[in-house]
2 protein chains.
Amino acid sequence: MSTLVEVGRLAGVTPATVSNVLRGRGRVSESTRERVLAAVQQLGYRPNLNARALVKGRPQTIALIVSSIANPFYPEFALAVEQAVRKHDYFLLMCNTNNDPAQETAYLDAVGGSLAQGVLVMNADFLRVDELIELRRRNMPVVLCMWEKPDLQPELPCVAVDFYQAGVIAAEHLIKLGHQRIGAVVGSEPTGNHQWRYKGFCDTLARAEIAHPPEDVRFTNDTIDAGRNAAHGLLAAVPDLTAIFVSNDLPALGVLQAAADLGLEVPADLSVIGITDIQFAHQVRPALTTVSVPIDEAGELAVQLMMEVIADGEKQVPRMLVTSTPQLVVRASTGRVRRSRD
Amino acid sequence: MSTLVEVGRLAGVTPATVSNVLRGRGRVSESTRERVLAAVQQLGYRPNLNARALVKGRPQTIALIVSSIANPFYPEFALAVEQAVRKHDYFLLMCNTNNDPAQETAYLDAVGGSLAQGVLVMNADFLRVDELIELRRRNMPVVLCMWEKPDLQPELPCVAVDFYQAGVIAAEHLIKLGHQRIGAVVGSEPTGNHQWRYKGFCDTLARAEIAHPPEDVRFTNDTIDAGRNAAHGLLAAVPDLTAIFVSNDLPALGVLQAAADLGLEVPADLSVIGITDIQFAHQVRPALTTVSVPIDEAGELAVQLMMEVIADGEKQVPRMLVTSTPQLVVRASTGRVRRSRD
DNA sequence: CTGAAAGCGCTAACAA
DNA sequence: TTGTTAGCGCTTTCAG
């Protein structure tokens, strides 16, 4: 690993000059520039990013904290974020807390130790928000990535997706198809992450004067297996459901499986709709009808907001960027009510 | 962001002493230790990792280069790597080249500029291996993560998975079920990444004296869509296939879809087997029979090898760590030959 | 247009 | 047991 002074020595100039030609600062004569560039080439010089980060006070790194990359939604988002971050010449540090508070603390400490210039946080739920606010107080830029409630500004800058509206859209679709008894599988606690989606769904049903008694809903986890189990329970308890609203695609895939297990035809016997539109949604059979959320856009906005926050420095006023509205994507898992099951 | 000197000032000692208590080096009296710790607490001090990296010559960061995190296999592996890396107190830098040479070069340059202490490379294929060897010559530890040919040592240290054997296992399973005309969908060029898997398959067929003419194979890409299209073509051209070997789970999922499209019952009309056992393999219906490769183990071995290489310093002898053998996982997509299709 | 010098925050001898 | 010193590789005034 050669250094600036070695390059300088080879080119017969001082390190300062090398630094200048390398970043196009200061006026340098054509001849020295060429000599320097040649030396750089010859030595295969690469600037030491740590040294640079040290003198600049902050590294060219943004951390993305997610609870688990195992959920296929996160990689999709992480990819979007990474691309966006690269456009601004930053690097992405992946931080999987894996729902482990110890990991999370370790990451936050490291980031606080200027391992990164800012933190993008995916699942504010799984993190002790206090720690984030604490971090922010230390002038560490923090941006929340997937705030689910656009009409409620959290204490930190965030990118919001209108998941309430996604719930509304899903419900409207089902209602329009003539469904009158619609079950729900929610991939979180009643007061958890998915509550707004469910609320959008419920409010819409109420507006259409469609009954939705408490036994028609199951609260569970955000996984395929959980979705399948919940659907089994739900369908056993309430056999005359003709449709199920699921708060996320992953459990929706599980509901689809439960239908298959029970010999139910989708959508003839049962319609299923999810939310998010992860890649796999259109790769299962029957392909999943869902309400797509703008993942890439959210990633880009998050990074954009991060850049603003970084630029603003001290006066980090909490701010919210809202993505475009989720969109209905009709595929094969929803259809008109045809007949009641026997 | 407070610094060592500030902490020292508050505790009435010099930065060196603070450094010592913080890392348990040198003998420090109990009383000063306590005073220092209190000061650290009070100021919320976090060591500046850049400064540390600079003086130590290398940061606590390992880079993982993958061609695209969009392929669901990579996140699974990335997760495993991240966990392993954390166990050694390193951080993981995610580097998605996205099959873009410019990105790749940018990453490699950055890593060369000591953004990371070592590089884990997922898809040696997509990278100009020369660049990696060049990097290694600069004393940058490089480890290849998923070498497919255990009996051929590449020029760099690597973790190998016996994919040839995986092909053998898949073929044996199909043969044992009585299949005599077995098609193949390979998710790479004939000389690409998946060639060894396919070779294992072919050799096994030959050993069993089962014919496998060239028209029974399709070479395509490693995606669901590609698998589906290839299967459509294959089944149209060779209708009397009773089973299809697929070199990876993703295209195997596509083959399953093609079967559904064509009204073929799996496995009654057609058996399908994949390789890898990604999470989704058991979450589609019919669940995919596959040959599982030890993803977590590969991740751990890769990191372990990386630690060795880092410790060894100069004398980086190329070395290979081989994971345990892939295992047959029988699910619902393969079965005995029942009848020929009409 | 180029050089000299200081300093980012930390660690690691070596002194005291 | 603690302090002093030097320096990691780079950027950035400020002089020349």
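The structure presented is a predicted model; accordingly, all values stated were derived computationally and were not measured. When reading the values below, keep in mind they use all heavy atoms of this one structure, side chains included, and skip hydrogens, waters and symmetry mates. Chain identifiers are assigned alphabetically (A, B, ...) following the order of the sequence lines, protein sequences preceding nucleic acid strands; residue numbering begins at 1 within each chain.
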Electrostatic pair A:R319:A:E308 at N-O distance under 4.0 angstrom =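 Yes.
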NZ/NE/NH1/NH2 to OD/OE distance under 4.0 Å, B:R138 and B:E134 |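 Salt bridge: yes.
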With B for base contact, S for sugar-phosphate-only contact and - for none (protein heavy atoms under 4.0 Å), nucleotides 1-9 of chain C reads SBBB--BBB
Residue of the set A:L305, A:I62, A:L132 for which side chain to side chain contact (heavy atoms under 4.5 Å, CB included) holds with A:V143 =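 With A:V143 as partner, side chain to side chain contact (heavy atoms under 4.5 Å, CB included) holds for just one option, A:L305.
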For B:Q117, which of B:Q60, B:M140, B:K56 qualifies under side chain to side chain contact (heavy atoms under 4.5 Å, CB included)?
->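 Among B:Q60, B:M140, B:K56, the one meeting side chain to side chain contact (heavy atoms under 4.5 Å, CB included) with B:Q117 is B:Q60.
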Distance in angstrom units between [X] [atom1] and [N] [atom2], rounded:
{"X": "A:E6", "N": "D:dC8", "atom1": "CD", "atom2": "P", "answer": "11 Å"}
{"X": "B:L49", "N": "C:dT11", "atom1": "CG", "atom2": "C1'", "answer": "14 Å"}
{"X": "A:R9", "N": "D:dG9", "atom1": "CZ", "atom2": "C1'", "answer": "13 Å"}

Between B:P59 and B:Y90, which heavy-atom pair has the shortest distance, and what is it?
->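 The pair with the smallest heavy-atom distance is O-CE2, 4.2 Å.
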Distance-only polar pair, side chains of B:S19 and B:R23, donor-acceptor under 3.5 Å =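 Present: a donor and an acceptor within the cut-off.
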Between D:dC10 and A:R23, is there an OP1 or OP2 to side-chain N/O distance shorter than 4.0 Å?
->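 Looking at the OP1 and OP2 atoms of D:dC10, neither is under 4.0 Å from any side-chain N or O of A:R23.
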Counting only side-chain N and O atoms of A:S19, is one of them less than 4.0 Å from OP1 or OP2 of D:dC10?
->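 No.
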